[in-house]
Amino acid sequence: MSDVRPALAEAQRVASGGDVRALLEVRGLVKRFRIGRFPRTRVLVAVNHVDLHVGAREVVALVGESGSGKSTLARVVARLETPSAGRTWLEGQEVPARLSRGELLAYRRRVQMIFQDPFASLNPVHTVGYILSRPLVVHGLATGKGVRARVEELLEACGLTPARSFFDRYPHELSGGQRQRVGIARALAVRPRLILADEPTSMLDVSVRLDVMNLLLDLKEQEGLSLIFITHDLAAARYMSDRIAVMYAGHLVEVGPADEVIGEPLHPYTRLLKRAAPKPEAGLQPERLEGAGDVPELGALPPGCPFHPRCPFARPECRQALPPMQSVTPSRQVRCVLYGARP
């Protein structure tokens with residue numbers, strides 16, 4: 001008799017609401033922070049009822065300006081922050097909002113993060129060899145001489161060659177690009193299924209950004225990874241991703257295939273980002289969003305659609321209620337009254 005457990009697990013996943021095709025799925029994800037001191041405490045909603053899924057071996061780019069909630073969303077998914085509300089599934093299993101130490105360790109074997117700042121994310125008092133050996137030892141993935149062999153394998157895989165010349169070096173002895181490669185190697189050490197890359201090239205020289213992006217894509221193919229690639233740059237998002245999710249003031253406002261979102265953006269905010277994308281004739285420097293205003297403070301959002309103060313197409317109803325996320329085509333969703341039914 002064949003084992004019925006896989007079929008039972010899939011049935012339970014469907015019953016609980018999870019997407020059977022997704023490696024990662026979040027629904028209604030919320031992250032609130034309390035800021036200030038009583039009696040002047042305010043609640044800041046950095047992630048506001050986000051629904052998102054990432055397929056196996058898929059790259060999803062999360063795009064938006066600083067302050068839109070992208071990094072907070074990644075930190076919640078990585079469980080560096082505890083979600084305030086919402087549900088998460090990883091490989092078909094629901095992930096509790098609060099995890100025990102053992103559960104968190106097991107979760108982090110499957111979900112890893114690459115941080116934006118390669119200068120701050122590596123401990124300056126430890127060597128590269130020590131930094132990369134720690135996850136192997138903590139997770140029991142290598143012992144004895146096997147630790148150094150695996151560390152050198154990771155260094156080689158991330159383009160730090162010859163690996164033995166990097167093993168005993170300290171972070172301050174490396175360039176920014178080399179430090180970020182060490183950060184990538186550290187994320188790979190536990191053989192995760194999903195990597196969250198939080199603007200991994202934004203602090204690097206232009207000359208090495210493409211090399212790091214190509215490294216991530218190569219590793220994605222070689223290791224069978226899924227990626228959430230966080231960026232404010234639509235050009236980088238298009239280069240890296242299969243799908244793009246655009247985030248504004250804690251909300252997702254547009255999701256769809258990368259080529260379609262870039263080629264024909266639907267939401268007025270996505271159009272604004274496209275207009276400000278770096279252009280070769282401008283020396284690849286991003287343009288300022290002239291006359292467009294600023295991202296509103298997350299602790300004091302305007303009523304209705306949070307983009308309406310900056311939107312050239314705003315209608316009276318935009319000031320009254322937040323539009324729902326609507327499917328324009330089977331693969332594209334947008335949160336805007338310009339499409340489909342109005343709230």
Side-chain angles (χ1 to χ4, degrees), residues 17 19 25-35 42-53 60-73 76 83-87 232 234 237 243-277 287-343:
D19 185 339
E25 183 180 12
V26 298
R27 287 193 184 177
L29 198 65
V30 176
K31 181 58 185 178
R32 304 184 190 94
F33 296 98
R34 291 190 178 275
I35 56 176
R42 291 187 299 153
V43 175
L44 183 153
V45 185
V47 177
N48 203 330
H49 292 90
V50 166
D51 296 346
L52 184 68
H53 72 273
V60 174
L62 191 59
V63 179
E65 295 168 273
S66 296
S68 61
K70 309 184 303 297
S71 294
T72 302
L73 175 58
V76 172
S84 303
R87 302 173 72 185
H232 59 272
L234 277 182
R243 286 188 300 123
I244 291 175
V246 182
M247 197 165 186
Y248 185 80
H251 298 276
L252 289 186
V253 297
E254 182 168 354
V255 181
D259 286 343
E260 294 181 23
V261 171
I262 301 297
E264 189 181 356
L266 299 178
H267 198 279
Y269 178 59
T270 314
R271 300 179 198 174
L272 186 69
L273 289 177
K274 182 179 179 180
R275 218 167 53 235
E287 296 182 5
R288 290 181 57 82
L289 302 183
E290 297 293 350
D294 297 315
V295 179
E297 184 183 347
L298 292 173
L301 294 179
C305 173
F307 188 64
H308 83 254
R310 305 172 73 184
C311 182
F313 308 105
R315 299 173 175 177
E317 58 263 40
C318 300
R319 297 168 174 81
Q320 299 166 5
L322 178 72
M325 199 70 158
Q326 302 173 86
S327 293
V328 179
T329 71
S331 62
R332 297 195 70 179
Q333 294 82 45
V334 64
R335 187 187 300 277
C336 184
V337 299
L338 298 177
Y339 305 92
R342 300 182 184 182

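- Here the side chain of Y269 pairs no donor or acceptor atom with the backbone of V246 at under 3.5 angstrom.
- Every residue two or more places apart in sequence or in another chain was checked for a ring pair (Phe, Tyr, Trp, His ring centres under 6.0 Å) with H251, and none qualifies.
- Electrostatic pairing of E254 and K274 does not count as a salt bridge here, judged by no charged N lying under 4.0 Å from a carboxylate O.
- In this view, D259 and R238 satisfy the salt bridge (Lys or Arg N to Asp or Glu O under 4.0 Å) rule, not counting sequence neighbours.
- Residues satisfying the side chain to side chain contact (heavy atoms under 4.5 Å, CB included) test with A314, not counting sequence neighbours, are H308, C311, R319.
- Contact check for H53 versus R243: side-chain heavy atoms found under the 4.5 Å cut-off.
- R27 places no side-chain N or O within donor-acceptor distance of the main-chain N or O of D51, the cut-off being under 3.5 Å.
- Between V63 and K70 the shortest heavy-atom distance is C-CD, 3.6 Å.
- Residues satisfying the side chain to side chain contact (heavy atoms under 4.5 Å, CB included) criterion with T72, sequence neighbours excluded, are K31, F33, A46, V47, V76.
- Legend: residues meeting side chain to side chain contact (heavy atoms under 4.5 Å, CB included) with R32, ordered by chain and number and at least two apart, are V30, V43, V45, S84.
- For P257, the side chain to side chain contact (heavy atoms under 4.5 Å, CB included) test picks out E260, S331, R332, with sequence neighbours left out.
- The closest donor-acceptor contact from the side chain of R335 to the backbone of L252 lies under 3.5 Å.
- For the pair E65 and L273, the minimum side-chain heavy-atom distance is below 4.5 Å.
- A ring-centre distance under 6.0 Å is found for H267 and F307.
- Within a 6.0 Å sphere centred on CD of Q320, other residues, nucleotides and ligands contribute more than 12 heavy atoms.
- Side chains of P268 and V253 form no contact here, defined as non-hydrogen atoms less than 4.5 Å apart.
- In terms of heavy atoms, C336 sits closest to P323 at N-CB, 4.0 Å.
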